[in-house]
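The structure appears right after this line, and notes come after that.
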Amino acid sequence: MNQQASIITDANSTPVIAPTIKNSSSNNIHAPSPSWFKYVFAVVVLASLTYIGVQLTFDLSQVPPLSLFSFIMLGMALVIALGFEFVNGFHDTANAVATVIYTNAMPAPVAVMWSGFFNFLGVLTASGAVAYGIIALLPVELILHVDSGAGFAMVFALLIAAIIWNLGTWFFGIPASSSHTMIGSIIGVGIMNQLLHSATDGVSGVDMGQVLKVAKALFFSPLIGFGLAAAAFLLLKLVMKKRQKELFVAPEGNKPPSFLVRVLLICTCTGVSFAHGSNDGQKGMGLIMLILIGIVPLAYSLNKTMDPAQVQSFAALSEKTAHILVADQPNMPELQARDVLTKFIQTHQYNQQVMPAVASLSNHLGEAVASYGSMSKVPEKATVNLRNDMYLSNASLKELDKGNHLAQLSAEQKATVDDYRQNIDKATQYIPTWVKVAVALALGLGTMVGWKRIVVTVGERIGKTHLTYGQGMSAELVAMGTIIAADKFGLPVSTTHVLNSAVAGTMTANKSGLQWATVKSILMAWVLTLPCAMVLSASLFWVFLQFV
């Protein structure tokens, strides 16, 4: 097989030689787009933008008019947040289509459109668990005061830092992780926030317990992808002995695989695209919700779609939880309870005031919600405090449970507390459909615009031989399963690292050999992404604070 050398750079910007596999099947990369594509593309974009505009206008019409400054800030923040998802689209989503393109299962333009569409669907059906898991990494005082100058500085800093790093790695064709980038940006903001206020009380950095949980998912998912893909490939070879020539040889020219193999490859590509949208799309959703809560709290702080029966159920559970935690009538003042719980979440240090504070705040929430009767009737001045009290109550109960301070509760009492926390999630952890559509559109557009650089790296520069049908199926199947499992547990994982490691696993299992120049570049990006994103976001946060 002929090869030609391609110059790429490693994570230190040092030029290295990574041979690109020369095979006529790679012509699929340059296949022209169908003539009807631009019309479908225009209709989808126009319809989505119209829906987003109508829904956003309706939401804003239900609240007092925004000042010109607030309106400009909202527009800038949404553009930057969606810009991150756009870059994520052509940086990460391209991994999903590499296998179907290099096995000729689909023409490249059709594969990209197909992937973009299922990314769109994945985002629309996302649960929101990952979105609010990302938010939980941020310093508690910045979450509670996201409408402040420091809150806006935080959101802008971590989004712009993530975009800069993603664009840089994409330019050099290095499949770095948007998940790693976002987590690094959040940690950088948290650390800078702590350094700037180290001499004062009441300021936290980041929730290291949550960071470690996310870091484990990001670290182990590529190893799982490598091992499971290798095992899946070997199992496939064992089971399909009679179809060796059909499944385990490189495609010839632009010849597509058999019907059954083609269907399997398209199904796994579809699954990865859908799972990527469902998991990665939520990172942007969480940050957009922070922006909306900060600028238009009356419209987005609380879930206005909860019906009166759900609201009354929440009120009853709040009061029950208060009396489960403290048998006597809770009487700690609200301001004191908030201060106690804020410090508890920041320091993770339990004291005798914490339980009465949670009980007092829960009791207050029950009384307040019952008096309003509906989330839509909560007045503007009370909205932010009510949401913050819900956040403090939920986060404190989570910390108490983690520290085994609720072990004395009976199974029935524990179930009541869990129901109360789930009701808080319903009231606060919701995402309007138009936000999902906006993120889905940004991801889909990004996929269609800048996919080629990363696809070439995955398809030609990881293994020394051309990707076979069996390798493509095994890698995509494992990547799809890993991402879907992570989404169910609310864990952000990297589509890039899972799929790239899965492709490497199949190459290793097949004894095809790896192109170590590319592997080293990917590993260096893996290692450097977190610290580089941390430095970028911390620096930008400090700069932005000088203006607010």
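Below, all heavy atoms of this structure are taken into account, side chains as well, without hydrogens, waters or symmetry copies.
The shortest side-chain heavy-atom distance between Met182 and Leu159 falls under the 4.5 Å cut-off. Here the side chains of Ile431 and Met289 are in contact, with some heavy-atom distance below 4.5 Å. At least one side-chain heavy atom of Ile295 sits less than 4.5 Å from a side-chain heavy atom of Phe152.
Ring planes of Phe314 and Tyr420: parallel class, angle under 30° (limits at 30 and 60°).
Panel note: side chain Thr321, backbone Leu317; a donor-acceptor pair is recorded below 3.5 Å.
One side chain, Asn363 or Glu367, offers a donor N or O that lies under 3.5 Å from an acceptor on the other. No hydrogens or angles considered: nothing links the side chains of Ser185 and Ser537 as a donor-acceptor pair under 3.5 Å. Counted by atom type alone, Ser273 and Trp114 present zero donor-acceptor pairs between their side chains at under 3.5 Å.
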Could you walk me through whether Ser396 and Ser393 pass the side chain to side chain donor-acceptor pair (under 3.5 Å) check?
CA-CA 5 Å; Ser396 299; Ser393 184; over 6 Å; no
Step by step, work out the side-chain contact (heavy atoms from CB on, under 4.5 Å) result for Val123 and Asn119.
CA-CA 6 Å; Val123 175; Asn119 263 284; 5.5 Å; no
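If you run side chain to side chain contact (heavy atoms under 4.5 Å, CB included) between Phe84 and each of Leu158, Ile160, Ile163, only Ile163 comes through. Between Arg262 and the choices Leu264, Ile266, Leu265, the side chain to side chain contact (heavy atoms under 4.5 Å, CB included) rule is met once, by Ile266. The residue from Val437, Leu46, Leu56 that alone fulfils the side chain to side chain contact (heavy atoms under 4.5 Å, CB included) condition with Tyr51 is Val437.
Here the closest heavy-atom approach between residue Met73 and residue Phe156 is recorded as CE-CE1, 3.5 Å.
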